[in-house]
Amino acid sequence: MIKFDSVSKTYVAGSGGLSDITFQIDDNDFVFLVGPSGAGKTTILKLIMRQIVPTSGSIFIDSVDITSKKYNDTVKLHRKIGVVFQDFKILMNNTVFENIALALKVSGTSDKIIKSQVEEMLELIGLAEKKFMFPLQLSAGELQRVAIGRSIIGERTILLADEPTGNLDPKTTWDIMKLFKKLEKKRTIIIATHNVDIVNSFKKRVITLIDGKLIKDERAGRYHL
Ligand SMILES: Nc1ncnc2c1ncn2[C@@H]1O[C@H](COP(=O)(O)OP(=O)(O)OP(=O)(O)O)[C@@H](O)[C@H]1O
Ligand SMILES: [Mg+2]
């Protein structure tokens, strides 16, 4: 569960940010964050990642207030969170397998468990055949699959995606969105996007922001802007 309670974020000199945002996202919910450029979508994702802290208000993950705890106390919570970006952020000198294994290596998992978990993930994201390839040998859609695999490997049950299809052609966009759909049963997924067609066809929850304010929060919502 992720909860924002009257969260405001003011960047330098009072510009931009968010004002008085309140919402709750339950486990295994699927949510689109929409709004014009500068509305505050990335700011919300960064706050959940605790990359930035709010100016006021509280943010809860599984009923733990991540704004009041010391960083070390929230590290475990943050093992639950995976992130996917528009530009993939894949390690270019590592293979597909190594890129996905990285998160497990960092948390000290044994080689045997890493191998079986990564193999399973490669099946899920449809890249079993390409596990020893390097990023330069992959298409953009395949790179985004690697990024998604990496972001959800292990115990990660919250998947945040910031414009995940921003660099993809329409067909690949749908392939990637189908992959997100496949993952939704066991995970909480929050996707910031400008893609009107995707939002309107998925009929999922849509949170709409304008100028840092939450102006709509609808189940089976649409892209209204
Ligand atoms: N580090 C920062 N310093 C100052 N202002 C910032 C900073 N990051 C974001 N802002 C401002 O906060 C507002 C919200 O930015 P944010 O990146 O969350 O928007 P967004 O909805 O993700 O936009 P886009 O669709 O273009 O990605 C904008 O006005 C932006 O200029
Ligand atoms: Mg953004």
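Both ligands and their constituent atoms are indexed starting at 1 by order of listing. Here the structure is a predicted model, which means the values were calculated and not measured. In what follows, residues are counted from 1 in the order of the sequence shown.
Taking every heavy atom of T42 and a limit of under 4.0 angstrom, the matching atoms of ligand 1 come to 17 (O), 18 (O), 20 (P), 22 (O), 27 (O). Residue T43 approaches ligand 1 through these ligand atoms, each under 4.0 Å from one of its heavy atoms: 14 (C), 15 (O), 16 (P), 18 (O).
Distances from the Mg ion (ligand 2) show that T42 has an N/O/S atom below 2.8 Å.
Under the 4.0 Å distance rule, the nearest protein heavy atom to atom 31 (O) of ligand 1 falls outside the cut-off.
A distance-only check finds a donor-acceptor pair linking the side chain of Q144 to the backbone of P164 [under 3.5 Å]. Listed for the R219 side chain is no donor-acceptor partner under 3.5 Å among the backbone atoms of R205. Between the side chain of K9 and the backbone N or O of V53, at least one donor-acceptor pair lies under 3.5 Å.
Of all protein heavy atoms, the one closest to atom 26 (O) of ligand 1 is S37 OG, 2.4 Å. Among all non-hydrogen protein atoms, the one lying nearest atom 9 (C) of ligand 1 is Y11 CE1, 3.2 Å. From the protein, the heavy atom lying nearest to atom 29 (O) of ligand 1 is G16 CA, 3.6 Å. Ranking protein heavy atoms by distance to atom 14 (C) of ligand 1, first place goes to G38 O, 3.2 Å.
With F85 as the aromatic partner, K89 meets the cation-pi criteria of under 6.0 angstrom to the ring centre and within 45 degrees of the ring axis.
Counting only non-hydrogen atoms, the option in G166, A192, G17 that gets closest to atom 13 (C) of ligand 1 is G17. Between atom 21 (O) of ligand 1 and the options K41, K9, E163, K46, the minimum heavy-atom separation is to K41.
An N or O contact shorter than 3.5 Å is missing between V12 and ligand 1 by distance.
Ion pairing of K80 with D62 is present here, as a side-chain N (NZ or NE/NH1/NH2) and a carboxylate O approach within less than 4.0 Å.
The six-membered or imidazole ring of F134 lies away from that of F132, with a centre-to-centre distance of 6.0 Å or more.
For the residue pair M121 and I100, the shortest heavy atom distance occurs at CG-CG2, 4.0 Å.
Of the candidates L143, V146, N93, L143 is the only one forming a side-chain contact (heavy atoms from CB on, under 4.5 Å) with P135.
Heavy-atom separations between G35 and ligand 1 are all 4.0 Å or longer.
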